[in-house]
There are 2 protein chains.
Amino acid sequence: MSIISDSAHLSDLSVVKSVSLTSALEKELERLILTGELEPGVRINEIHLSNRFGTSRGPIREATRSLEAKGLVEVVRNRGVFVRRLSVEDAIEIYDVRAALFGQAGRLLAERMTDGLLAELTRMVDEMDAVAERGSFDDYYPLNLGFHNLIVSSCGNRTLLAEYHRFVNKLHLFRARALVQGGGLAVSNREHRAMLEALASGDGERAQVTHWRHVALAKRRLIAAVDGHARND
Amino acid sequence: MSIISDSAHLSDLSVVKSVSLTSALEKELERLILTGELEPGVRINEIHLSNRFGTSRGPIREATRSLEAKGLVEVVRNRGVFVRRLSVEDAIEIYDVRAALFGQAGRLLAERMTDGLLAELTRMVDEMDAVAERGSFDDYYPLNLGFHNLIVSSCGNRTLLAEYHRFVNKLHLFRARALVQGGGLAVSNREHRAMLEALASGDGERAQVTHWRHVALAKRRLIAAVDGHARND
DNA sequence: CTTCATCAATCTGTTGACAGTTTTCATTCC
DNA sequence: GGAATGAAAACTGTCAACAGATTGATGAAG
């Protein structure tokens, strides 16, 4: 029973010498965690990993310490490191932080909006409407992600962008991850239109409120889904 | 010329064996950085540190990787780790993030306010008013810090609390740190009163706006101070 | 059959050493 | 006098090994 199912990415590690082995390992571990190949709660065995990657334990320990600071794993003394497992309460807390950050991004973006960007965002929302009508969730999800990413990436605050990504990533550690993506497609996209209008108006305050509310409503949908799921247990 | 001027804290490290050496070192390094004993831009020498702390380089490397992920130091391959140095732009970006987080904390707190907490917060603002009248900045600063901390600590979101602290700490890496603390004392405390009223009203939206604005205005005061300082150069 | 104690195997915490790179500094040349 | 050069010192990247803790199994006692 191997922890890592596919080691095809390892070759990349040895080839690239311009970047440190530690950070390459960290990236690879982060990928394994975010894709779910290393499931939440699983213990990460240093020896297994070092054998798998063909390195010593040192760089692996450094990489896991970095991941610990990022909140992706948990280190317990003399017992090892575990892929962090998010409770429902943790996920809800993250939604509040995300709402705050996304609202701020909306405000900043509204105050530096360009016609080209507005056109691109509008195009994305139109496309999402079309996909939502077909009810195709698997197609909707990446579009939705790209829409949000474009907003935060364009707001002009790189610190905010990094933090936003950190928290969106952390949500991958939520066991009932499917619930996160739940909720009505059409409803969500209606909120997108409200955000678009606020961004187009150039009113930062208004944009902040609409963007904040969009995440707050997603949080509500998550809570409702969790409650419904609990009833069905 | 020793990097670490005082090693009185080292004894604590060796005594406590319940916690890992790495995390103890990390805490100590973080303290040295936040207090300014290790100034921004300074290179951290692994060998010197290991001699100073009486350990090998391994745990120190792990601690610095963790600090890197937290954004307190910067690691350059084959050159070493450097205490991170924040530019004016970085500081301004952090203010936006902090405003978003603090506003969210205000909203959450308004929705779970208690009479006891309101009384305590009011007492603090009254005390700050008294101190501000005397114009004693050194006395005002810790009170101000405690007021903000109490708000974020009481909002009920531990994730938000941790993030908020992380960013407030990061501001210590700003070289012109004195400017951060600048601005009118009385003006700032007037904003505190507006926050108090919003918190007392239980109106989350209103509380979020007042709390957000308080940090946004502090950011403006910082920008004004930087500009003024630049003119005087 | 269950529970507890003991012991072996496994894994983490830490250390010291070696290899390769960067920096420093003395020397040489213009 | 100042810039270029080259060797030596210093430092980081990585590794292998040892010590201590934890886990799991084995066997005895109730």
Side-chain angles (χ1 to χ4, degrees), chain A residues 1-4 7 9-29 32-33 38 41-69 72-84, chain B residues 1-4 7 10-29 33 38 41-69 72-84:
Chain A
M1 188 172 65
S2 108
I3 288 184
I4 295 157
S7 63
H9 301 264
L10 305 184
S11 49
D12 305 354
L13 301 182
S14 48
V15 169
V16 184
K17 269 295 176 187
S18 63
V19 79
S20 82
L21 186 53
T22 296
S23 60
L25 281 171
E26 183 188 340
K27 261 192 187 160
E28 179 63 7
L29 282 177
L32 290 173
I33 291 173
L38 286 174
V42 162
R43 176 163 142 267
I44 295 178
N45 187 315
E46 294 179 359
I47 296 179
H48 286 177
L49 278 184
S50 60
N51 288 339
R52 181 69 65 174
F53 288 117
T55 72
S56 70
R57 285 169 49 217
I60 289 181
R61 284 179 65 86
E62 291 179 17
T64 54
R65 284 313 197 282
S66 188
L67 292 176
E68 182 195 20
L72 292 183
V73 302
E74 212 163 348
V75 176
V76 183
R77 181 180 163 89
N78 285 329
R79 293 206 39 208
V81 318
F82 301 81
V83 178
R84 189 147 171 222
Chain B
M1 188 172 62
S2 109
I3 288 183
I4 295 157
S7 61
L10 305 185
S11 49
D12 307 353
L13 301 184
S14 48
V15 170
V16 185
K17 270 295 178 187
S18 62
V19 79
S20 82
L21 186 55
T22 297
S23 61
L25 281 170
E26 183 188 341
K27 262 192 186 158
E28 179 63 7
L29 282 177
I33 292 173
L38 286 175
V42 162
R43 175 162 143 267
I44 294 178
N45 186 315
E46 294 179 0
I47 295 179
H48 286 177
L49 278 183
S50 60
N51 289 339
R52 182 68 65 173
F53 288 117
T55 71
S56 69
R57 284 168 50 218
I60 289 182
R61 284 178 65 86
E62 292 180 16
T64 53
R65 295 296 169 169
S66 189
L67 291 176
E68 181 194 22
L72 292 182
V73 302
E74 213 161 348
V75 176
V76 183
R77 180 179 164 88
N78 285 328
R79 294 209 36 210
V81 317
F82 301 81
V83 178
R84 189 147 172 221

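Values in this document were obtained by computation on a predicted structure and should not be read as measured data. Within every chain, numbering begins at 1; the chains are lettered A, B, ... in the order of the sequence lines, protein sequences first and strands thereafter.
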How many whole angstroms separate atom [atom1] of [X] from atom [atom2] of [N]?
| X | N | atom1 | atom2 | value |
| --- | --- | --- | --- | --- |
| B:Glu46 | C:dG16 | CD | C1' | 14 Å |
| A:Arg65 | C:dT12 | CZ | P | 11 Å |
| B:Phe53 | C:dG13 | CZ | C1' | 18 Å |
| B:Arg43 | D:dT12 | CZ | C1' | 9 Å |
| A:Ile44 | C:dG13 | CD1 | P | 13 Å |
| A:Asn45 | C:dT10 | CG | P | 11 Å |
| A:Glu26 | D:dG13 | CD | C1' | 16 Å |
| B:Leu49 | D:dT12 | CG | P | 9 Å |

Over all atoms of both residues, closest heavy-atom pair of [X] and [Y]:
| X | Y | answer |
| --- | --- | --- |
| B:Ser50 | B:Ile60 | N-CD1, 3.2 Å |
| B:Pro59 | B:Leu21 | CG-CD2, 4.1 Å |
| A:Ile47 | A:Asn45 | N-OD1, 2.9 Å |

(message) Which nucleotide wins on minimum distance to the side chain of A:Ile47, given the candidates D:dT12, C:dT14, C:dT12?
(response)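 Of D:dT12, C:dT14, C:dT12, C:dT12 is nearest to the side chain of A:Ile47.
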(request) From the options C:dC11, D:dT12, C:dT14, select the nucleotide whose nearest atom is closest to the side chain of B:Arg61. (result)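 Among C:dC11, D:dT12, C:dT14, the one nearest the side chain of B:Arg61 is D:dT12.
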(request) Decide yes or no for A:Leu72 and A:Leu29: does some side-chain heavy atom of the first lie under 4.5 Å from some side-chain heavy atom of the second? (result)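 No, their side chains stay 4.5 Å or more apart.
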(message) B:Val73: which residues meet the side-chain contact (heavy atoms from CB on, under 4.5 Å) condition with it, sequence neighbours left out?
(response)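 B:Val73: side-chain contact (heavy atoms from CB on, under 4.5 Å) contacts with B:Ile33, B:Ile44, B:Leu67, B:Glu68.
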(message) For nucleotides 19-24 of chain D, give me one character per nucleotide, 5' to 3': B if any protein heavy atom sits under 4.0 Å from the base, S if the only such contacts are to the sugar-phosphate, - if neither.
(response) --SSS-
(request) With sequence neighbours excluded, tell me which residues meet side-chain hydrogen bond (donor to acceptor under 3.5 Å, both in side chains) with B:Ser66. (result)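 With sequence neighbours excluded, B:Ser66 shows a side-chain hydrogen bond (donor to acceptor under 3.5 Å, both in side chains) to B:Glu26, given in chain and number order.
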(request) With sequence neighbours excluded, tell me which residues meet side-chain hydrogen bond (donor to acceptor under 3.5 Å, both in side chains) with A:Arg84. (result)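 By the side-chain hydrogen bond (donor to acceptor under 3.5 Å, both in side chains) rule, A:Arg84 matches no residue at all.
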Atom pairs under 3.5 Å, N or O on each side, protein against nucleotides 15-18 of chain D: can you list them with distances?
residue : atom : partner : partner atom : Å
D:dC15  : OP2  : A:Ser56 : N            : 2.9
D:dC15  : OP2  : A:Ser56 : OG           : 3.1

(message) Applying salt bridge (charged side-chain N to carboxylate O under 4.0 Å, His left out), can you list everything that pairs with A:Glu62, at least two apart in sequence or on another chain?
(response)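 If we apply the salt bridge (charged side-chain N to carboxylate O under 4.0 Å, His left out) test to A:Glu62, skipping adjacent residues, the hits are B:Arg61, B:Arg65.
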(request) Any chance you could measure A:Asn51, atom CG, to A:Arg57, atom CZ, to the nearest 0.5 Å? (result)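 These two atoms lie 11.0 Å from each other.
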